[in-house]
Each structure stands twice: as structure tokens, then as C-alpha cells.
Protein chains: 2
Amino acid sequence: MDDSAIRLFKTTLRTNNHSVTKTRLIVFNLLKGQEPISMNSLLRIGKNRFDRASLYRTINLFEEIGVAHRVNLGWKYKIELTDKFAHHHHHLSCTNCGRVIPIREDDELEKLIIQISDTHNFSASKHQIEIQGLCSKCMRLKVVM
Amino acid sequence: MDDSAIRLFKTTLRTNNHSVTKTRLIVFNLLKGQEPISMNSLLRIGKNRFDRASLYRTINLFEEIGVAHRVNLGWKYKIELTDKFAHHHHHLSCTNCGRVIPIREDDELEKLIIQISDTHNFSASKHQIEIQGLCSKCMRLKVVM
DNA sequence: TTATTTTTGCGACATATTTGCAATATTTAG
DNA sequence: CTAAATATTGCAAATATGTCGCAAAAATAA
């Protein structure tokens, strides 16, 4: 699974006429098997392995060829791999501790989204659903206090 | 209705220990009864009535006390009043022409969100749903071309 | 391996957002 | 209503975030 994702990634680059480079592999690996991660964190982690400009160019490319996308969490955004490399899902983000909990795809929810779009004659290509609140842990703490 | 929103706004400021100021009223009025609006537009419109720094401080305050919030539309974000001052709703945003279409609250959708949160022992306080795609107009154009 | 094509790092920009502080407006107390 | 106390504003400067051009380095093609 690990290996196959990288293989798919390389193929995706090639079929889109882009080179397989060190920077792209590093960034891909940073994104793989992770929670959504911010540009800033990526930058901090990869500081001496790639440049800021390259990171932005890399993420832009990843979006273009459908490898990664930006997830909006409240005000900021973070990056995560697309459904091709991880299952389609949405997030619960805890406003207290910052934890981001992925939630599994819900057929009913997805169907509803399509249905609502249709009602408006709108051809939806993608969507984000972000839910904010308190995770079970923080909720417990709040109650105690 | 017009007046009552402003009254509620003033009360909200006061109960949160903040002054009712000219700038805050202007910004509130700019947001009222509008589509989500970008910082840039607000800035352009209010250029000679308030300063950039004040606008940012105002919007931050509005978020803090639950008067307005940032809506992420694809990569950028815009500002709009919260449900307290406008009905709860979500958006369809056209990736071609940039139009933002508000969609009316859908009971089933809202219920589903709560239900999913519950499953994860998560106490949801708010959520955003953003759908991107082509509006009917742009879709027609694309087909023709 | 060499030639060709792409990508990277760097520094300079451009834009977006935040901060400190003195001046001004708002609120409070009388 | 006025004066004192407190909160907010504008301005200029500092940071943060994102983009660009170009020579050097890496990847691909021959």
C-alpha cells in the first residue's frame, strides 16, 4: 500500500509530463499518511531540504494534477492528499486542542450534496465539509472545570 | 428587521464589554444584507472611513463575539454575518465566473451533520459546507465551446 | 555520456495581516 | 453635561505569506 501510493504518484507525474524529483517525493511523503498539514509546518519540517518557493510550486502542481488539495479549516488552510491517495473524507476540528479528526465518507451525505447542487442547476465538481466544535477529550475537561 | 439587527449587534458588543464605535457600525452595515464580501472589497469601499488595521481588528472582534465569520471559497476567503444576523446557509461557488450562490438551509443536511458528529462523540458548534463547480450559466457556455 | 528540457534555490518583489504607540473617540462616574 | 478613565483608531513599521525571474543543478532523452 505504502509502495503503491508512491508508484501511483510517479505515474501521475509522468502522465502529466512532469519530472519525478527529489523535492516532489519529499513533499509527497510528508503528506502521506498524515493529517492535513499547513504550509508553515511543511516549510518548517522541510526547511533544509527544499525552498519556500519550491514548496509553493510543488503544492500548486500537486493541485493541478490532482495529487493534493487545500482543506479549509476555519480561516487557515492545510494540505492533504486527494481521494486518489487517501479515501474521500471530511473533518471534525477541535477548536480547543486543534486536533483534526477525519470522518469516513458518508454515502447519505455525499448523495445529499449532489442532490442539493442539482436543485440549483449547479454542476458540482468538489466540496468541503468542515465541522468545528469540541472533541470528546476537551469536552470532558470543560465539564470538569 | 433592519433595525433589530443593529440593536442586536449593539447589545452583543456591550455584553461582551466592547464599545459601540463608528467603525464597527460601518463595517457591520457593509456586511448586512450582502453576499460574503472580501477584505479587499471592504477595504476599497471603506477606504476613507476606516483604516486597514482597524478593519482587520474589527473582523477579528466580530469573529470572537460571533457577529461575523470567514467563509472559505476555494482558496480565498470572504466575510459574512453569522446565523444570528442572517439565516444559516451554505454556498455554491462557481469556479469559472466566481459567483457565490447561497443555498437555503436543508434540514436533512443539518440533521446529518449533527448525527455524524455524535457518532464521533464530537460536540459540533458550527460547520461549513462549500461546494465548487460550474453555475448553470457557465456550464451552458462550456458546452457551447 | 552528452545534449536537452525541467526544476530548484536564491533574492527581490508584491500582497496580506499584525503590532506598538500616540492621538482620538467612547464610556463611566459624578 | 462634563471630566476622568478606558477603549479604539490611524499611522507607520514589522511580519507573514505567496510569487517571479534567472542562473545553477537535476532529471530526462538521445
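It should be emphasised that the depicted structure is a prediction, and the values quoted were computed from it without experimental measurement. Note on naming: letters A, B, ... go to the chains in the order of the sequence lines (proteins, then strands), and numbering restarts at 1 for each one.
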Between C:dT8 (C1') and A:N60 (CG): distance, integer Å: 15 Å

Pair listing, ring pair (Phe, Tyr, Trp, His ring centres under 6.0 Å) test, anchored in residues 95-125 of chain A, at least two apart: none

Contact state string [nucleotides 1-10 of chain D, B base, S sugar-phosphate only, - no protein heavy atom under 4.0 Å]: ------SSBB

Given A:R70, A:K32, A:H91, the one that forms side chain to side chain donor-acceptor pair (under 3.5 Å) with A:E80: A:H91

For atom NZ of A:K47 and atom C1' of C:dG9, their distance in whole Å: 15 Å

For atom OH of A:Y77 and atom C1' of D:dA16, their distance in whole Å: 12 Å

Derivation and outcome, side-chain contact (heavy atoms from CB on, under 4.5 Å), residues A:L61 and A:L13: CA-CA 9 Å; A:L61 175 68; A:L13 281 173; 4.1 Å; yes

Residue mapping more 5' on DNA chain C - nearest nucleotide basis, B:V20 or B:N40: B:N40

Distance, rounded to the nearest Å, where A:L43 contributes CG and D:dT19 contributes C1': 14 Å

Donor + acceptor pair across side chains of A:H90, A:E110 (<3.5 Å): yes

Atom-pair distance (CD on A:E63; P on D:dT19), nearest Å: 11 Å

Whether over 12 other heavy atoms sit under 6.0 Å from B:E108 CD: no

Rounded interatomic separation in angstrom, taking CG from B:L42 and P from C:dT17: 11 Å

Below 4.0 Å: OP1/OP2 of C:dT17 and any side-chain N or O of B:Y56: yes

Distance in angstrom units between B:M39 CE and D:dT17 P, rounded: 15 Å

From CA spacing to verdict: side-chain contact (heavy atoms from CB on, under 4.5 Å), B:M39, B:L55: CA-CA 8 Å; B:M39 278 297 200; B:L55 175 61; 3.8 Å; yes

Whole-Å gap separating C1' (C:dT7) and CD1 (A:I59): 15 Å

